[in-house]
There are 2 protein chains.
Amino acid sequence: MKVSNAVLKDTFGFTDGILPAACPSRTVLDHVTSKWGVLIIVALSTSEMRWSELREVVQGISEKMLAQTLRTLEQDGFVLRVAQGTIPPRVDYSLTPLGIELSEKLLPLMDWIAVNATGILSRD
Amino acid sequence: MKVSNAVLKDTFGFTDGILPAACPSRTVLDHVTSKWGVLIIVALSTSEMRWSELREVVQGISEKMLAQTLRTLEQDGFVLRVAQGTIPPRVDYSLTPLGIELSEKLLPLMDWIAVNATGILSRD
DNA sequence: CGGTATCCCCCTCGATACTG
DNA sequence: CAGTATCGAGGGGGATACCG
């Protein structure tokens with residue numbers, strides 16, 4: 001974990017606090033760790049998906065939040081939206097190369113949580 | 001990324017949706033990706049810290065949220081709180097072994113965000 | 001099918017004041 | 001120093017209705 005700490009200290013400027021209060025990293029972190037951001041990225045990491053598929057796979061998400069989160073992830077360059085000009089409409093969402101990079105950081109975390117979650121919450 | 005996907009599908013039951021709506025993983029994910037959770041974990045990953053140090057290092061956090069987030073992380077078993085019985089009071093916070101495991105999943109993500117954040121937000 | 005638009009509740013979060 | 005208590009604003013986010 002040498003590189004990690006090096007980058008952490010150098011880039012975050014740890015002596016000035018972990019992530020200066022108003023810095024781009026905080027904003028990106030907020031986007032990624034928004035209520036639905038991680039789940040959508042992970043969902044798309046398995047395969048490209050249509051709007052209706054995302055709604056099913058990301059259980060519990062409302063149409064509003066699906067749209068809102070997808071827009072943010074799209075603007076950040078993590079997600080690619082491709083509307084086929086067909087009728088009825090069909091729109092495919094997929095991860096960009098940047099999104100794939102991000103998902104590679106997220107998947108180990110999700111794995112670990114999935115494995116440990118029950119044990120974690122079963123304490124008092 | 002074989003293991004990752006395997007565990008992802010097996011544990012998350014991807015065919016039933018990514019993380020069933022009401023499952024322990026969702027709760028842990030919410031705790032970890034709460035507004036301040038990641039920042040506190042990362043801060044403590046460098047060294048044990050006192051309350052006042054955390055307030056300085058995690059810039060912008062209020063006392064209320066610091067207390068609240070620390071309690072949650074403590075209950076989840078990520079953070080250890082040790083109150084020295086001294087006067088004036090002194091309380092040390094550190095990561096538990098479980099918290100260290102978690103931080104090892106979080107640090108690569110933070111690194112990546114720190115490196116890429118500016119580029120990400122600089123697009124339209 | 002793949003979204004917007006609107007309403008509005010609730011819950012997070014910050015600010016302030018107080019305490020052992 | 002290390003918190004707790006309380007209040008109140010804001011916006012995240014759900015429900016519903018509507019649209020191309």
Side-chain angles (χ1 to χ4, degrees), chain A residues 17-22 26-41 43-44 47-76 79-94, chain B residues 17-22 26-41 43-44 47-76 79-94:
Chain A
I18 215 111
L19 291 190
R26 285 276 186 102
T27 306
V28 174
L29 184 64
D30 281 347
H31 291 179
V32 171
T33 64
S34 69
K35 182 166 187 181
W36 301 105
V38 174
L39 294 175
I40 289 178
I41 299 275
L44 290 178
S47 77
E48 149 179 313
M49 293 180 107
R50 305 176 58 177
W51 167 274
S52 48
E53 290 178 299
L54 279 171
R55 282 222 63 190
E56 287 168 23
V57 168
V58 183
Q59 290 185 10
I61 195 169
S62 65
E63 295 191 331
K64 177 181 174 180
M65 292 316 298
L66 179 55
Q68 197 173 109
T69 309
L70 280 173
R71 295 303 155 260
T72 302
L73 295 176
E74 196 188 347
Q75 282 170 28
D76 286 348
V79 165
L80 182 66
R81 194 191 107 112
V82 178
Q84 324 291 345
T86 59
I87 291 184
R90 175 192 175 105
V91 180
D92 291 319
Y93 292 93
S94 58
Chain B
I18 214 108
L19 292 188
R26 284 276 185 103
T27 306
V28 174
L29 184 64
D30 281 347
H31 292 179
V32 170
T33 64
S34 69
K35 182 167 186 179
W36 301 105
V38 174
L39 294 173
I40 290 178
I41 298 274
L44 290 179
S47 78
E48 149 179 313
M49 293 179 109
R50 306 176 55 177
W51 167 273
S52 49
E53 290 178 299
L54 279 171
R55 283 223 61 190
E56 286 168 24
V57 168
V58 183
Q59 290 184 11
I61 196 170
S62 65
E63 294 190 332
K64 177 181 174 180
M65 292 316 298
L66 179 55
Q68 198 174 107
T69 308
L70 280 173
R71 295 303 157 260
T72 302
L73 295 177
E74 196 188 346
Q75 283 170 28
D76 286 347
V79 165
L80 182 66
R81 193 191 107 113
V82 178
Q84 325 289 345
T86 58
I87 291 185
R90 175 191 176 107
V91 180
D92 291 319
Y93 292 93
S94 58

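A quick note: this is a predicted structure, and the numbers were derived from the prediction, not measured. Below, chains carry the letters A, B, ... as their sequence lines are ordered, and counting in each starts from 1. Side chains included, hydrogens not; waters and symmetry mates left out as well; all remaining heavy atoms used.
- Contact annotation: A:Tyr93 side-chain N/O to C:dG3 OP1/OP2 distance is under 4.0 Å.
- The phosphate of C:dT4 has OP1 or OP2 within less than 4.0 Å of a side-chain N or O from A:Arg71.
- The interatomic distance linking A:Glu56 (CD) with C:dG2 (P) rounds to 10 Å, in whole Å.
- For the pair B:Trp36 and C:dG14, the criterion of a side-chain N or O lying under 4.0 Å from OP1 or OP2 is met.
- We find the OG1-CE distance between A:Thr72 and A:Met65 to be 8.0 Å, quoted to the nearest 0.5 Å.
- A straight line from CZ of A:Arg26 to P of C:dC13 spans 13 Å, rounded to a whole angstrom.
- For D:dC1, the OP1/OP2 oxygens have no side-chain nitrogen or oxygen of B:Arg50 closer than 4.0 Å.
- Listed pair B:Arg90 / D:dA2 fails the phosphate criterion, with no side-chain N or O lying under 4.0 Å from OP1 or OP2.
- Computed from coordinates, the A:Met49 CE to C:dC1 P distance equals 15 Å when rounded to whole Å.
- Each of B:Asp92 and A:Ser34 was assigned the nucleotide of DNA chain D with the nearest heavy atom; the assignment lying further toward the 5' end belongs to B:Asp92.
- Each of C:dG3, D:dA2, C:dC1 was ranked by its minimum atom distance to the side chain of B:Ser52; first place goes to D:dA2.
- Rounded to an integer number of Å, the gap from CD of A:Glu63 to P of D:dA17 is 13 Å.
- One interatomic measurement links the two molecules: CD of B:Gln68 to P of D:dA5, which rounds to 12 Å at whole-angstrom precision.
- Rounded to a whole Å, the CD atom of B:Glu74 is 15 Å from the P atom of D:dA2.
- Atom CE of A:Met65 is separated from atom P of C:dA5 by 16 Å (rounded to the nearest Å).
- The phosphate of C:dG14 has OP1 or OP2 within less than 4.0 Å of a side-chain N or O from B:Lys35.
- Distance NZ (A:Lys64) to C1' (D:dC19): 18 Å, rounded to an integer number of Å.
- Residue A:Thr33 holds its OG1 atom at 10.5 Å from CG of B:Asp30, rounded to the nearest 0.5 Å.
- To the nearest 0.5 angstrom, A:Gln84 atom CD is 9.0 Å from A:Arg50 atom CZ.
- Distance check, rounded to the nearest 0.5 Å: OH of A:Tyr93 to CD of A:Glu74 gives 7.0 Å.
- With rounding to the nearest 0.5 Å, the separation of CD in B:Glu56 from CD1 in B:Ile61 is 13.0 Å.
- Between D:dC1, D:dG20, D:dT6, one nucleotide has an atom nearer to the side chain of A:Pro89 than all others, and that is D:dG20.
- Residue contacts for A:Arg55: at a heavy-atom cut-off of 4.0 Å it reaches no nucleic acid atom on any strand shown.
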